Amino acid sequence: MSDKNSAQTSPLENTNDWVIYKRLLSYVKPFWAAFAVSIVGFALFSLASVGFAELMKHMVDAVNGENTDSRFWIPVSLVGLFFIRGIGSFLGNYCLAYVSNFVIHDLRTDLFNKFLSLSSSFFDQSASGHLVAKITFHVTQVTGAVTDAVRVLIREGIFVIGLLSYLLYVNWRLSLVILSITPIIAWVVGYAGRRFRGISSRIQNSMGDVTQVSTEAVNGYREVRIFGGSHIEKNRFNKISNYTRQQMMKMEATIAISSPLIQFITAFAMAVLVWLALSPEMIGDMTPGAFVAFISAASMLPKPLKQLSDINAKLQRGLAAAVDIFEQLDQEDENDTGQLPLAEATGRIDFVNVDFSYSPKKPVLKGINLTIEAGQTIALVGKSGSGKTTLANLIPRFYEVQSGQILLDGQPIESFKLAELRNQIALVSQQVTLFNDTVQNNIAYGRLANASLKEVREAAEAANALEFIEQLPNGFDTLVGDDGVLLSGGQRQRMAIARSLLKNAPILILDEATSALDTQSEKNIQQALERVMENRTTLVIAHRLSTIENADKIVVMDQGEIIEVGTHKELLEKSGRYALLYRMQFSDDGGTSPAPVQTAQSAEVEAETKKDLS
Ligand code: ADP
Ligand code: MG
């Protein structure tokens with residue numbers, strides 16, 4: 001069901017209601033039997049209610065007439081009607097709740113699953129608060145529409161139709177008076193509906209803002225306090241919350257006006273009706289029973305009409321939310337058309353004339369040509385912002401290259417199945433993410449979940465993490481808190497390294513993986529890492545150059561281009577950018593490197609490099 005829905009990519013903003021209804025109905029379709037029972041139930045309920053008007057007719061006629069059977073049949077019918085009405089009500093409500101709760105569940109899971117297949121650029125462009133609001137707030141708006149609105153729509157709708165048919169049957173000429181007001185009511189309801197829709201989508205948006213601003217203030221509480229941002233955050237939140245309040249009031253005002261207006265129009269029609277009905281020619285045509293039945297049926301009309309018009313607001317809110325949800329579901333997934341299976345890569349990676357940019361205006365990688373032989377260790381160095389992380393992120397296809405190709409084992413990476421490609425890669429990214437779970441489950445995450453405690457321990461040991469883990473209150477069973485807040489930066493990094501070591505994949509990418517560690521811990525890990533790197537392709541991004549001296553190849557990047565390639569020794573002899581960076585770090589670290597021989601040109605590059613090096 002979801003697959004079919006996500007195949008459409010047309011923007012829904014301008015589509016008419018019918019398209020949205022149809023799509024919502026596609027969610028109801030699997031439960032059509034329950035839905036049908038529910039409609040039958042409500043139909044029974046409503047028809048039984050109409051039956052009371054008919055019963056009234058018999059009652060009044062019985063008072064005038066001589067039919068003695070009525071004394072028995074009327075009370076029996078009364079009880080019978082209530083019984084049918086009760087059964088109908090139960091079937092209608094129960095089955096509808098059954099369907100609608102499934103619809104909510106399906107919508108929610110579709111939405112959540114969508115988050116897991118969207119492209120990286122989508123997340124770059126979306127505020128997380130708005131995404132979360134869709135699952136929490138928007139879906140409940142649809143709940144309202146699907147449960148309450150559908151219930152009222154079916155029950156009261158059938159009731160109104162039943163009443164109108166009955167009126168037509170009893171006296172069609174009088175009924176025309178009532179029918180004549182329907183276009184006016186339809187116009188009022190339609191006008192209010194359009195207004196409701198507009199306001200609703202503004203409310204949804206501001207609920208997204210509410211979530212966004214509050215999560216930012218909660219997650220960033222340290223920055224807020226230390227930089228004196230409380231005042232700004234308060235104002236920001238106050239503004240958004242107040243805007244939501246205003247929109248809510250507009251909504252309520254529209255409801256508060258439209259509902260009495262509709263009732264007044266109906267009352268007017270009723271007045272005309274009574275006036276006509278009391279005219280001698282009309283009365284002459286009808287039995288007293290028919291007359292009373294007609295008036296009582298007509299006087300039953302305003303209540304369901306009011307309910308129908310009230311539910312309009314809720315329905316529009318649900319539809320506005322559904323539009324938003326469907327738009328989300330229509331976002332493009334990551335491109336995963338590759339067919340080649342990839343059980344175990346040997347690990348040769350080629351970049352061939354690769355160009356890449358996040359946005360059309362600013363190229364981030366330009367003409368990258370680079371070969372990493374299977375089992376080699378390549379180090380990427382360069383100023384912050386020179387494109388190292390970007391280059392590494394292209395290998396697991398977090399982003400697609402604009403031109404050129406990346407090959408793995410001689411095949412374009414797009415030709416492999418995405419999941420299998422990613423299965424070949426272990427990554428420690430610059431921003432480590434930990435889940436609010438135990439240490440063990442964080443190391444053995446995802447596909448690694450079946451790893452034994454022994455394997456997890458070994459990985460932790462290799463990542464120099466065992467020592468601190470054993471000192472935690474519950475060892476490997478300690479909960480690490482929201483995104484690992486209970487751990488230090490260095491501990492988090494070691495957990496991430498352990499996770500990658502446990503994965504034991506042919507390709508290892510370490511993006512400043514040891515940046516938060518002290519020199520001693522880094523040295524300890526270094527030895528372990530070097531053992532691990534021996535038989536796999538490794539891409540190391542490091543700003544502490546002492547850690548990459550043994551790399552097979554060092555690649556120096558600047559402004560998205562490769563400016564130097566060679567071994568540590570070759571590059572030092574070349575005394576270009578790398579040699580400069582290297583010498584600078586040693587003088588920064590108070591190191592013992594030989595005093596640099598400076599040329600005029602290298603001094604200039606040095607000044608610039610020093611400024612930008614993070
Ligand atoms: P490095 O890892 O070498 O410090 P990055 O690869 O992270 O550099 O960034 C290279 C350039 O791309 C920077 O100018 C940065 O602003 C930009 N950039 C990085 N990530 C994104 C992104 N998700 N969206 C847009 N631009 C980005
Ligand atoms: Mg980076």
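Remember, it's 1-based here, ligands and their atoms both numbered in the order they're listed. The structure presented is a predicted model; accordingly, all values stated were derived computationally and were not measured.
D355 and K366 are not joined by a salt bridge, as no carboxylate oxygen comes within less than 4.0 angstrom of a charged side-chain nitrogen. Under a 4.0 Å N-O distance rule, the pair E512/R544 does not qualify as a salt bridge. A salt bridge links R348 with E373: the distance from a Lys NZ or Arg NE/NH1/NH2 to an Asp or Glu carboxylate oxygen falls below 4.0 Å. A salt bridge does not link D209 with R236: every distance from a Lys NZ or Arg NE/NH1/NH2 to an Asp or Glu carboxylate oxygen is 4.0 Å or more. The pair K417-D336 does not count as a salt bridge, with every side-chain nitrogen at least 4.0 angstrom from each carboxylate oxygen. For the pair D330 and K114, the salt-bridge criterion is not met [side-chain N within less than 4.0 Å of a carboxylate O]. Taking 4.0 Å as the cut-off between side-chain N and carboxylate O, E470 and R457 count as a salt-bridged pair.
Nearest protein heavy-atom neighbour of atom 14 (O) of ligand 1: K362 NZ, 3.0 Å. At the top of the distance list for atom 23 (N) of ligand 1, counting protein heavy atoms only, stands D124 OD2, 3.0 Å. Looking at atom 11 (C) of ligand 1, its nearest protein heavy atom turns out to be V364 CG1, 3.7 Å.
L380 contributes atom CG, which lies 7.5 Å from atom CD1 of I562 (distance to the nearest 0.5 angstrom).
Proximity of T390 to ligand 1, defined as any heavy-atom pair under 4.0 Å, is shared by backbone and side chain alike. Counting heavy atoms closer than 4.0 Å to ligand 1, residue M557 contributes nothing at all.
Contact between E512 and ligand 1 is absent, with no heavy atom of the residue lying under 4.0 Å from the ligand. Using 4.0 Å as the threshold, S386 has a heavy atom nearer than that to some atom of ligand 1.
The Mg ion (ligand 2) has T389 among its coordinating residues (N/O/S atom, backbone or side chain, under 2.8 Å). Contact annotation: Q430 places an N, O or S atom under 2.8 Å from the Mg ion (ligand 2).
Near Y399, with a cut-off below 4.0 Å to any heavy atom, the atoms of ligand 1 are 23 (N).
Of the candidates F398, F356, F123, Y358, it is Y358 that places a heavy atom closest to atom 17 (C) of ligand 1.
Ligand 1 has a nitrogen or oxygen under 3.5 angstrom from a nitrogen or oxygen of G385. Between T389 and ligand 1, an N or O atom pair is found at a separation short of 3.5 Å.
Side chain to side chain, T389 and Q430 meet the donor-acceptor criterion of an N or O pair below 3.5 Å.
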